Amino acid sequence: MKIATWNVNSLRVRLDHVIDWLKREHADVLALQETKTRDENFPIGAFSDLGYNVSFSGQPTYNGVALISRQNITDVRTEIDGLEDPQRRVLAATIDGVRIYNLYVPNGQSVDSEKFQYKLSWLDALKTQIALDLAQHPNAILLGDFNIAPEDRDVHDPAAWKGKVLCSEPERKALRELLDLGLIDVFRGFEQDAKSYSWWDYRAAAFRRNRGLRIDLILATEALKDRCSTCRIDVEPRRLQRPSDHTPVIAEFSV
DNA sequence: ATGGTGGCGCGGCCA
């Protein structure tokens, strides 16, 4: 299974990029975040023409997640238990016997904001849900835009970002607690270039200067980690005209 | 430079 995650920051604007990317990479599963697309407007045909199934949970203007898959998508869930949340950030499904969680973790805006408290409570509810689910699904993958840089090596300028949202200790702790359930950030299981990032701010020529963060992650259970043969960031889509501010992260599993 | 750019949708929010 070749599986990838990509925050596209509007599927309508980025559809050509996504279709071209699928034609080139032939991924089995692509998890999209920030589709910003109502369900009734989802471009099903663009994907079915390539032989892909789709599942989506969208809303107008903000958020929105989708799964694009060669194999059937079953047992779809879009809610976290105990979390009343109109924001469409979760799409869990089973594909090829693997339980897959496509996640768009709240950004949090700034550590002193209400949105940051929402981010932490959202992560806490997610942890509770995943703890329960992993007992039933030894083969599971969590992937998406986590809006958390796990460690300082995932940050272009750790001193400047210290304590700031996306890098602060409370959210890093929340991520570690999620990993402690038995998940591995598979990107770090392989040799990687220093300064490997998945997101660059649109402003201040951040991409050209490689001033980025690695906040798009693929987490796998122990059983699947041993079946992971590669994980890499594909920076090419970020070079295109009118790109998303994120670029795809890809992992391959023998399942 | 407390800015900068981009998407949505047409003013202001969100990232």
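None of these values were measured; they are calculated from a predicted model. The chains referred to below are lettered A, B, ... by the order of the sequence lines, with proteins before strands, and numbering in each begins at 1.
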Atom CH2 of A:Trp161 and atom P of B:dT2: how far apart are they, to the nearest Å?
18 Å

Integer-rounded Å distance: B:dC13 C1' and A:Gln109 CD:
9 Å

When you match A:Pro60 and A:Asn7 each to their closest nucleotide on DNA chain B, which lands nearer the 5' end?
A:Pro60

Would you mind classifying the nucleic acid contact of A:Arg89 as base, sugar-phosphate or nothing, using non-hydrogen atoms under 4.0 angstrom?
sugar-phosphate

Sugar-phosphate only, base, or nothing, as touched by A:Arg211 at under 4.0 Å among non-hydrogen atoms:
nothing

Using the P atoms only, state how far B:dT5 lies from B:dG9, rounded to an integer number of Å.
22 Å

Contact class for A:Tyr104 vs. all strands (heavy atom < 4.0 Å): base, sugar-phosphate, or nothing?
sugar-phosphate

Rounded distance in Å - CZ (A:Arg38) to C1' (B:dC8)
10 Å

Do any N or O atoms from the side chain of A:Arg14 and from the backbone of A:Pro243 form a donor-acceptor pair under 3.5 angstrom?
yes

Could you give the distance separating B:dA15 and B:dG3 at their C1' atoms, to the nearest angstrom?
16 Å

According to a strict under-4.0 Å criterion, is A:Arg242 in side-chain N/O contact with OP1 or OP2 of B:dT5?
no

Ignoring hydrogens and geometry beyond distance, is a side-chain donor-acceptor pair present between A:Asp133 and A:Tyr101 at under 3.5 Å?
yes

Candidates A:Asn102, A:Asn147, A:Asp145, A:Asn9 - the one meeting side-chain hydrogen bond (donor to acceptor under 3.5 Å, both in side chains) with A:Gln33:
A:Asn102

Provide, to the nearest angstrom, the distance between the OH atom belonging to A:Tyr202 and the C1' atom belonging to B:dC14.
13 Å

Please measure how far the C1' atom in B:dA1 lies from the corresponding atom in B:dC14, and state the result in whole Å.
22 Å

Determine the Euclidean distance between corresponding C1' atoms of B:dC10 and B:dG6; express it in Å to zero decimal places.
16 Å

In whole angstroms, the gap separating P of B:dG4 from CG of A:Asp201 amounts to 12 Å

For the pair made of NE2 in A:His246 and C1' in B:dT5, what is the distance, rounded to whole Å?
13 Å

If only side-chain N and O atoms of A:Arg203 are considered, is one of them under 4.0 Å from the OP1 or OP2 phosphate oxygen of B:dA15?
no

Can you check whether A:Thr61 has a side-chain N or O nearer than 4.0 Å to OP1 or OP2 of B:dC14?
no

A:Lys115 has a side chain; which of B:dC13, B:dA15, B:dT5 sits nearest to it?
B:dA15

Taking 4.0 angstrom as the limit, do A:Lys115 and A:Glu171 come out as a salt bridge?
no

Sidechain N-carboxylate O distance under 4.0 Å for A:Arg209, A:Asp157:
no

On DNA chain B, does the nearest nucleotide to A:Tyr62 precede the nearest nucleotide to A:Ala204 from the 5' side, or the other way round? Give the residue.
A:Ala204

Rounded distance (Å) that lies between atom P of B:dC14 and atom CD of A:Glu114:
11 Å

A:His156 and A:Tyr197 aromatic ring geometry - parallel, tilted or perpendicular at 30°/60° bounds
perpendicular

Rounding to a whole Å, what distance do you find between A:Trp200:CH2 and B:dG4:C1'?
18 Å

